[in-house]
Protein chains: 2
Amino acid sequence: MNVRSADDLTTRARIRDAAVVRFGRDGFRVGLRAIASDAGVSPGLVIHHFGSKERLRGECDAHVRRTIREVKAEAITQWSPGQILGEMSNAAEYAPLVGYVVRCLLDGGALAAEFVEGMVADAAAYLEEAVDAGTVRPSSDPPGRARYLIATTVGMLVIAQLEADAGRGVSPTVDPAGALGQMWQTVLLPGLEMMTDGLLTSSDLLDEYRTAMAGDPSP
Amino acid sequence: MNVRSADDLTTRARIRDAAVVRFGRDGFRVGLRAIASDAGVSPGLVIHHFGSKERLRGECDAHVRRTIREVKAEAITQWSPGQILGEMSNAAEYAPLVGYVVRCLLDGGALAAEFVEGMVADAAAYLEEAVDAGTVRPSSDPPGRARYLIATTVGMLVIAQLEADAGRGVSPTVDPAGALGQMWQTVLLPGLEMMTDGLLTSSDLLDEYRTAMAGDPSP
DNA sequence: CAGACGACTGAACGAGTGTTTAGTCTGGTG
DNA sequence: CACCAGACTAAACACTCGTTCAGTCGTCTG
């Protein structure tokens with residue numbers, strides 16, 4: 001117990017890391033036997049250490065949560081919130097974590113909701129700073145705008161995962177992190193265009209919506 | 001066989017419809033017994049009609065695909081592509097289909113990839129028309145822009161599903177379609193703002209990217 | 001050295017799954 | 001009527017899953 005904090009390569013930690021990788025790559029449906037095999041261990045030992053598969057996943061969640069928080073803390077000044085996952089996927093060390101988070105997103109656990117809310121909060125803070133600095137336009141609904149932008153990131157993660165899964169049968173070497181990077185390249189230019197000039201040529205739609213909401217704000 | 005096309009309420013169709021609803025609400029992990037029970041039928045009969053659970057899902061896919069194509073065909077002139085799912089979720093008749101599609105998106109089957117590509121293609125066509133009509137700005141990468149916009153829609157679907165799942169324990173009456181509608185309301189104003197004015201106050205970032213790409217277009 | 005404790009394994013258990021099988025009921029046909 | 005094909009069911013089968021259990025090994029302790 002006292003050794004674990006100093007040397008994080010105990011069997012227990014090895015099982016946990018193997019579980020994160022397996023969960024991230026194959027989803028949460030994988031059997032304990034596959035995880036145990038990856039860790040070079042018997043299925044019974046996994047239960048011996050973690051009590052149940054659910055508690056194993058709980059520790060994986062906590063571990064991923066903690067790691068992301070650390071990376072985020074030291075990177076908050078460098079990148080925009082939406083890019084954190086992209087940058088993490090570039091570092092091979094953190095690539096499995098990205099896969100794990102995407103799986104959580106698809107599976108819909110508590111970590112997923114918390115992760116999305118965290119991204120939204122980060123984006124809101126980041127946008128507020130940028131608005132104060134004068135580089136980003138102010139919005140009449142800052143939290144809503146943050147949600148809107150994070151939705152785009154989440155959608156790209158999901159679509160990248162979709163294509164990574166689809167290509168797995170043909171070329172098993174396709175990894176979600178690579179697919180995500182490719183995805184970023186594809187939409188970076190259109191995204192920038194969208195962010196600088198917008199999409200519409202006139203403000204008619206926005207004006208219509210605003211006057212409609214002024215008359216009847218209920219829907 | 002000749003009866004089925006005239007009257008679509010054969011036992012076979014009833015099982016298929018029950019499967020679509022169950023798959024959409026609980027995901028593809030639900031057992032055949034639950035589906036059979038919903039259809040008022042024994043588990044064996046499901047196999048008798050469809051051969052296997054996988055083939056049952058295949059017929060569900062085909063049915064959803066066909067229905068969406070029909071709805072799309074008669075609605076293509078009215079709504080923008082991203083709104084089709086939203087409008088469908090309002091019609092109670094089609095609400096289960098929306099849930100099914102979202103589940104496919106999360107599960108990552110062939111229908112999911114096809115569905116996303118279909119939405120992207122629709123969005124691209126819709127945007128091209130709008131550009132010609134002068135209501136939407138031209139883009140230097142129209143397909144990329146379509147992908148970017150559809151990613152936002154997909155992300156909102158996923159997040160809405162996330163929150164619908166999270167609230168299920170507290171209030172089981174929350175349906176994905178309702179969550180989706182609520183989601184739309186939340187981000188409609190910020191989305192419109194974004195589309196009319198953009199996000200950034202200057203074109204520095206875009207210009208930087210363009211000059212960088214002009215010098216080294218490889219990455 | 002004796003004893004105890006924790007890591008660890010291999011085999012088994014019980015519950016769940018999709019599927020099979022034997023058999024019943026029903027409606028139409030010669 | 002006899003017959004039969006198909007819809008349909010109840011029970012069982014085969015398999016996988018998470019989990020349990022009895023027991024072995026090595027190490028530390030008194």
Side-chain angles (χ1 to χ4, degrees), chain A residues 1-63 100 103-104 106-110, chain B residues 1-63 100 103-104 106-107 109:
Chain A
M1 197 186 295
N2 43 3
V3 185
R4 196 196 335 153
S5 54
D7 179 6
D8 206 357
L9 287 180
T10 57
T11 302
R12 191 187 155 94
R14 232 177 49 237
I15 295 174
R16 192 235 300 132
D17 290 347
V20 169
V21 173
R22 268 285 179 180
F23 281 148
R25 219 186 44 186
D26 298 344
F28 295 105
R29 273 172 272 186
V30 286
L32 279 187
R33 286 163 176 84
I35 297 172
S37 169
D38 287 355
V41 140
S42 74
L45 189 62
V46 179
I47 300 295
H48 172 72
H49 277 301
F50 296 92
S52 72
K53 186 187 184 183
E54 195 180 344
R55 291 230 292 269
L56 168 62
R57 194 196 153 170
E59 293 227 11
C60 288
D61 278 12
H63 180 242
Y100 187 90
R103 285 294 175 194
C104 282
L106 299 180
D107 193 66
Chain B
M1 195 184 293
N2 42 3
V3 184
R4 194 190 342 146
S5 55
D7 179 8
D8 207 58
L9 289 178
T10 57
T11 303
R12 191 186 156 93
R14 233 176 49 238
I15 295 174
R16 190 236 299 135
D17 290 348
V20 169
V21 172
R22 268 283 180 183
F23 281 147
R25 217 185 46 187
D26 299 344
F28 295 104
R29 273 173 270 187
V30 287
L32 278 187
R33 285 164 177 82
I35 297 172
S37 169
D38 287 355
V41 140
S42 75
L45 189 62
V46 179
I47 300 296
H48 171 73
H49 277 302
F50 295 92
S52 71
K53 186 187 184 182
E54 196 181 344
R55 291 230 293 270
L56 168 61
R57 193 195 154 172
E59 293 227 11
C60 288
D61 279 13
H63 180 241
Y100 187 91
R103 285 294 174 197
C104 282
L106 299 179
D107 193 67

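Every value quoted in this text rests on a predicted model; they were computed, and no experiment measured them. First the proteins, then the strands, lettered A, B, ... as listed; each starts at 1.
Judged as a side-chain hydrogen bond (donor to acceptor under 3.5 Å, both in side chains), and not counting sequence neighbours, the contacts of D107(A) are R57(A), R29(B). Remark: S52(A) pairs with E54(A), R55(A) by the side-chain contact (heavy atoms from CB on, under 4.5 Å) rule, at least two apart or across chains.
Separation of atoms CD1 (I15(B)) and CZ (R22(B)) is listed at 14.5 Å; rounding is to 0.5 Å.
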What verdict does the side chain to side chain contact (heavy atoms under 4.5 Å, CB included) test give for L56(B) and I47(B), after you've listed the backbone C-alpha separation in whole Å, the side-chain angles of each residue and the deciding distance to 0.1 Å?
CA-CA 8 Å; L56(B) 168 61; I47(B) 300 296; over 6 Å; no
Show your working on side chain to side chain contact (heavy atoms under 4.5 Å, CB included) between V30(A) and I35(A) and close with a plain yes or no.
CA-CA 8 Å; V30(A) 286; I35(A) 297 172; 4.3 Å; yes
List the steps, then state whether side chain to side chain contact (heavy atoms under 4.5 Å, CB included) holds for V41(B) with R14(B).
CA-CA 10 Å; V41(B) 140; R14(B) 233 176 49 238; 4.0 Å; yes
Let me see the working for C60(B) and D17(B) under side chain to side chain contact (heavy atoms under 4.5 Å, CB included), right down to the final yes or no.
CA-CA 8 Å; C60(B) 288; D17(B) 290 348; over 6 Å; no
Contact string for nucleotides 6-12 of chain C, one letter per nucleotide 5' to 3', B = base within protein heavy-atom range under 4.0 Å, S = sugar-phosphate only, - = neither, reads -SBB--B
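If you check every strand for non-hydrogen atoms under 4.0 Å, V46(B) touches nothing.
Across all non-hydrogen atoms, the minimal contact from P43(B) to R33(B) is CG-CG, 3.7 Å. Residue E59(A) comes nearest to R16(A) through the heavy atom pair O-CD, 4.4 Å, listed as atom of the first residue, atom of the second, then distance.
Listed by first then second residue, pairs satisfying ring-ring contact (aromatic ring centres under 6.0 Å, His included) with a partner in residues 18-57 of chain A read F23(A)-F28(A), F28(A)-Y100(A), not counting sequence neighbours.
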Watson-Crick and G-U pairing of DNA chain C, under 3.5 Å, as dot-bracket with | and [ ]:
||||||||||||||||||||||||||||||
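Between chain B and DNA chain D, the heavy-atom contact criterion of under 4.0 Å yields a 5' to 3' nucleotide range of dA7(D) to dA12(D).
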